[in-house]
Amino acid sequence: VQADVSVRDARAEDAAAFVRAYELAWDAMAAPVIGKGLADIASFEGRLDSFRAGLEEASADARILIAEDGDSIVGIATCRRDGVTCELRALYVVPDSWGTGVARRLMESALDAMRDRGAVDAVLWVVEANGRARRFYEREGWTRDGQTRASPLGPQEVRYRRSL
Ligand SMILES: CC(C)(COP(=O)(O)OP(=O)(O)OC[C@H]1O[C@@H](n2cnc3c(N)ncnc32)[C@H](O)[C@@H]1OP(=O)(O)O)[C@@H](O)C(=O)NCCC(=O)NCCS
């Protein structure tokens, strides 16, 4: 892990940097799979609004976490607990920080938060063709549970599960 990366809850003033980091990570993943950038799908203003709406709903059971290297955001994670199951809803790290351990750190922080609230297992959806993400999750102890769905943007998604 980079020496000075820290994880904390997102705040309102993170909006623009959060949206930019999300876009960098999304585009690096999606370009080969979906053939479009995030800016082709949603406006910057619209994405700021979504972040703010998410922050309003954030709670002990629905966290929005960011990883910071100095004063720049290098990754984000969101998760939500429903009973004893936690869903890791987003895990996005900027490409410059891939392979550094930031992703693992963010994921563990998100899962720890939900474990502390009583979650005993976790699920996530990932695009089937997203080989890098799937390899990462499999290394971190997640396994496919057999569920599949079409994502709103088209590509097939598969569900992974992990005991906490
Ligand atoms: C998914 C993500 C968080 C993983 O973090 P990361 O720092 O890149 O992960 P790591 O480098 O620790 O691990 C990636 C693994 O995939 C492997 N890998 C790299 N490219 C690959 C590819 N094209 N196909 C399959 N495996 C690949 C790496 O070798 C590594 O496995 P190993 O450590 O067993 O060798 C990060 O890549 C990311 O933010 N991607 C864009 C957003 C995204 O797709 N998020 C997930 C949405 S569900």
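Residues: numbered from 1 along the sequence shown. We count ligands from 1, going down the list as the structure has it; atoms in each ligand are counted the same way.
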Output for pair (Asn130 CG, Glu157 CD), nearest 0.5 Å, gives 10.0 Å

For the side chain of Asp14 and the backbone of Arg11, is there at least one donor-acceptor N/O pair under 3.5 Å apart? yes

Leu88 backbone acceptor or donor facing Arg80 side chain under 3.5 Å
no

Value for CG (Leu91) from CD (Glu140), rounded to nearest 0.5 Å, stands at 9.5 Å

Tell me whether Arg161 forms a cation-pi arrangement with Trp142, defined as NZ or CZ under 6.0 Å from the six-membered ring centre and within 45 degrees of its axis. no

query: If you measure from the Lys or Arg side-chain nitrogens to the Asp or Glu carboxylate oxygens, is any gap between Glu108 and Arg162 under 4.0 Å?
result: yes

Once you restrict both partners to nitrogen or oxygen, which atoms of ligand 1 have a protein partner under 3.5 Å, and how far apart are they?
unit_1	atom_1	unit_2	atom_2	d
ligand 1	7 (O)	Gly99	N	2.8
ligand 1	8 (O)	Arg132	NE	2.6
ligand 1	8 (O)	Arg132	NH2	3.2
ligand 1	11 (O)	Gly99	N	3.4
ligand 1	11 (O)	Arg132	NH2	2.7
ligand 1	12 (O)	Arg139	NH1	3.2
ligand 1	12 (O)	Arg139	NH2	3.0
ligand 1	13 (O)	Arg139	NH1	3.2
ligand 1	16 (O)	Arg132	O	3.4
ligand 1	33 (O)	Arg139	NH1	2.6
ligand 1	34 (O)	Arg135	NE	3.3
ligand 1	34 (O)	Arg135	NH2	3.0
ligand 1	39 (O)	Val93	N	2.8
ligand 1	39 (O)	Val93	O	3.3
ligand 1	44 (O)	Asn130	ND2	2.7
ligand 1	45 (N)	Leu91	O	2.8

